[in-house]
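Bear in mind that the values here come from a model prediction, so they are computed numbers and not experimental data. Both backbone and side-chain heavy atoms feed into the values below; hydrogens, waters and symmetry mates do not.
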Amino acid sequence: MPQQVRAAVDSLTYFKLIGAMFMWGGTWIAGRVVAQELPAPLAAPAIRFLLAGLVLAGFALLSEGRIPRPQTGAEWGVVTGLAMTGIFLYALCFFHGLKHISAGQGALVVALNPVVVALAAWFLGQEKMTPLKVGGVAIAMAGCLTVIGNGNPLALINGSVGIGEWLILGCVMCWTAYTFIGRRATQTLSPLAATLWASLIGAVLIGFTALLQGGSDLAAWSWRVWASVVFLALGGTALAFTWFADGVKRLGAARASAFVNLVPVFAVLQAAILLDERLGLPVLGGGLLVIAGVWLTSHSKETA
């Protein structure tokens, strides 16, 4: 590929990743609205991923003339893994976690994602661990402990961390697994196909759980809930998931995940504007430590 063409492709990939992070920042606001207004919130993500899958299927028909689908049992297995980790289990942790903590605080915890991805890549033998990475991991972990402890980094050790913080930490684990499975998926499937089928399978899993949970009266949903669900489906899933999968395919899992540290920045800003949330200085300071640690961890990949 000529250098100029490659530079243009990389620039477009970076733009898509930043756009995906902006929309994922907005998902925390939409998720907080849904979690606070609905006693049983799982019907919302079920509809979210069903809509996203249908939109992606329609886009595939218009652009490719067909709906791409996995061809082998291995491909179906990988797509199901995406649905289980990044959609079903993530949705359980995300919506129930946001019943207990603010959108901005939750997003600051999830900013730890790139560091956990880097640790997992080292554990799996895919990347080397350098002194700079170790420093970045330590700083990010200290910041995360400060955020989940509402300014007290020893809260986790003292056992005073609430269920909301634990659930959002579960989001981090789910997303780490999704990132690595996504890297495997895009070796043989297009980002669109992987996201499409993961969304539909995830919608079925969440919908079945929502039926078991009960308590969902769609007619009683406010316009705020419906607007949040539509945004989650179109922006936070159809576009953002596909753009992120494309970034993983072109840049690699760890490098693409480095952009996730923009999510809490966008989330805190949007939460302040749309939800009038105000985080304390110790929590914001912890968030800055997380972002600084993530930057060090990511920067070491380029310089090590």
Side-chain angles (χ1 to χ4, degrees), residues 17 20 24 27 42 45-61 63-95 110 113-114 116-127 167 169-212 232-233 236-257 260:
L17 284 170
W24 277 339
T27 63
L42 289 185
I47 294 174
R48 165 194 181 179
F49 288 107
L50 176 61
L51 284 176
L54 293 176
V55 168
L56 289 171
F59 178 77
L61 280 174
S63 61
E64 302 178 17
R66 64 184 184 89
I67 298 176
R69 63 183 181 87
Q71 299 296 318
T72 66
E75 288 182 346
W76 279 110
V78 170
V79 169
T80 301
L82 290 175
M84 283 293 299
T85 56
I87 295 180
F88 175 61
L89 293 176
Y90 190 99
L92 293 180
C93 294
F94 180 79
F95 284 97
V110 171
N113 271 335
V116 178
V117 168
L119 283 173
W122 167 71
F123 181 78
L124 294 172
Q126 297 180 6
E127 294 181 10
L167 287 170
L169 282 174
C171 289
V172 175
M173 299 298 104
C174 291
W175 191 254
T176 299
Y178 178 88
T179 299
F180 283 94
I181 297 172
R183 187 175 187 179
R184 170 72 179 277
T186 53
Q187 290 177 354
T188 57
L189 293 170
S190 69
L192 187 150
T195 306
L196 189 165
W197 289 102
S199 295
L200 292 178
I201 294 171
V204 172
L205 294 172
I206 300 171
F208 181 72
T209 306
L211 289 175
L212 293 178
L232 287 167
T237 306
L239 276 179
F241 272 63
T242 303
W243 285 357
F244 180 76
D246 184 63
V248 170
K249 181 178 182 179
R250 295 183 185 279
L251 303 179
R255 196 172 165 197
S257 292
V260 177

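Taking CG of Leu92 as the start and CD1 of Ile206 as the end, the distance is 7.0 Å to the nearest 0.5 Å. Between Cys174 atom SG and Leu169 atom CG the span is 11.0 Å, to the nearest 0.5 Å. With rounding to the nearest 0.5 angstrom, the OG1 atom of Thr237 is 8.5 Å from the CG atom of Leu56. Here Leu200 contributes atom CG and Leu205 contributes atom CG; the two are 11.0 Å apart, rounded to the nearest 0.5 Å. Note that OG1 of Thr176 is 10.5 Å distant from CD1 of Ile181, once rounded to the nearest 0.5 Å.
Counting heavy atoms from C-beta on, the side chains of Ile201 and Phe88 never come closer than 4.5 Å. For the pair Val117 and Phe180, the minimum side-chain heavy-atom distance is below 4.5 Å. The closest side-chain heavy-atom distance from Tyr178 to Leu82 is below 4.5 Å. At a threshold of 4.5 Å between non-hydrogen side-chain atoms, the residues Leu189 and Trp197 do not count as touching.
Listed here is the closest heavy atom pair of Leu42 and Ala91: CD2-O, 4.4 Å. Minimum heavy-atom separation, Cys171 to Cys93: SG-CB, 3.6 Å. Pairing each heavy atom of Ala203 with each of Ala46, the nearest pair is CB-O, 3.6 Å. Taking all atoms of both residues into account, the shortest heavy-atom contact from Ala185 to Val78 is CB-CG1, 3.3 Å. Arg48 and Gly236 get closest at one heavy-atom pair: NH2-O, 3.4 Å. In terms of heavy atoms, Thr195 sits closest to Ala245 at OG1-CB, 4.4 Å.
A donor-acceptor pair under 3.5 Å is absent between the side-chain atoms of Thr27 and the main chain of Leu232, judged by distance alone. Glu75 places a side-chain N or O within donor-acceptor distance of the main-chain N or O of Gln71, the cut-off being under 3.5 Å.
In this pair, Trp24 and Trp175 present their aromatic rings perpendicular. The plane angle is above 60°, beyond the 30 to 60° band.
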Legend entry - Residue pair Leu251, Leu17: steps toward the side chain to side chain contact (heavy atoms under 4.5 Å, CB included) verdict: CA-CA 11 Å; Leu251 303 179; Leu17 284 170; 3.6 Å; yes
